[in-house]
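First up is the structure itself, then whatever we jot down about it.
Below, read A as the first sequence line, B as the second, and so on, with proteins coming before strands; counting in each chain starts at 1. Values below: every heavy atom of this structure, side chains too, minus hydrogens, waters and symmetry copies.
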Amino acid sequence: MTGVERGPVAPGTVEPAAAVPPLASPFTLVGEAAPVCVDGVCELPAPAPVAPAAD
Amino acid sequence: VTIDVWSDIACPWCYIGKRHLEEGLASLGEDGPAVEITYHSFELAPDTPVDFQGSEVDFLAHHKGLPADQVQQMLERVTGIAAQAGLEYRYDLLRHTKTLKAHEALHHALAHGRQLELSERLFRAYFTEGGHVGRVEDLVRYAGEAGLDEDETRAALEDGRYAPAVAADIAQAATYGIQGVPFFVVDGRYGVSGAQPAEVFAEVVQRAVADRADEVEAVADRTDEVGAVADRTTEGGAR
């Protein structure tokens, strides 16, 4: 995906949430699917689907 | 190069991701770029009580409705991957807790130049030592071990002066669309989601360095062009 360039994230200078419209990821994402924790649950990513072998 | 990391002390992939990041940076050698790492707050399970009574399996099974055997398998897999990263996870000792005060402590540490030390100390306490990272007194002790003044840390945690900074981090994660952690932002440009392998971190840092070099070169080219135009203008005026 293509990201939109943003300036560096400076600690302590972020704006309140209400002042910033929600965004899809504004970054150029790098890397394959990797394990993350979401909503308290920390699981490995689902394996990529394997294409059936050609006969 | 700046690296901003959204992370939670109670996140097993965050500690593993931290190790992978460190390995990736180390692989760039002594001539690697200067890197400034800042940890930002993300509360993975805000509904956890500070003094949760029960194991991690209990929490995930009862609060998240996951089958206990599935949770057990999940924790075993995480423990195995942590071991590959050189980390010892002791879920049998782990004390599940609310991490909001730990995040305040990390902001206090950031303000005093000891954030990386405290982050490492809290991860180790939580995942390896069965330490409590939700109570002020425990956090004060860990902060002292990370080189912070204990009285100052206690005062900061008791008056909640860093609570707005924690809330701002969490809000910013939401505006960035970050739903899971760890999430790394390299030079404000590249996003790296999850406990990626060390080589991914090395690659993205090198890419950020190359981008900076390209930008410097582009500025130099433009400066040369402006200079050449100015020279021609001066020559024309002199004739």
**Request:** Decide, yes or no, whether a salt bridge links B:R95 with B:D51 under the criterion of side-chain N to carboxylate O below 4.0 Å.
**Result:** no

The single option from B:D4, B:L21, B:V1 that satisfies side-chain contact (heavy atoms from CB on, under 4.5 Å) with B:V186 is B:V1

Over 60° means perpendicular and under 30° means parallel, so tell me whether B:Y162 and B:H107 are parallel, tilted or perpendicular.
parallel

Flag if over 12 foreign heavy atoms under 6.0 Å of CD, B:Q70:
yes

- Describe, in one word, how the ring planes of B:Y91 and B:F127 are oriented to each other, choosing from parallel (under 30°), tilted (30 to 60°) and perpendicular (over 60°). perpendicular

One option among B:P12, B:P164, B:A45, B:C14 has the most heavy-atom pairs under 4.5 Å with chain A, and it is B:P12

- prompt: So is B:R207 actually on top of B:Y190's ring, under 6.0 Å and inside 45° of the axis?
  reply: yes

*asked:* Whether B:D92 and B:R90 form a salt bridge (side-chain N of Lys/Arg under 4.0 Å from carboxylate O of Asp/Glu) is what I want to check.
replied: yes

Applying a strict 4.5 Å limit to non-hydrogen atoms, the region of B:L66 in contact with chain A is side chain

Per-residue tally against chain A (heavy atom, under 4.5 Å) across B:V181, B:D8, B:T48, B:I178 peaks at B:V181

Ranking B:G191, B:A195, B:S193, B:G194 by heavy-atom pairs under 4.5 Å to chain A gives rank one to B:G191

Check your understanding: Quick one: are the ring centres of B:H40 and B:F183 less than 6.0 Å apart?
Key -> no

Residues 72-89 of chain B vs chain A, non-hydrogen distance cutoff under 4.5 Å, contacting residues -> B:M74, B:R77, B:V78, B:I81

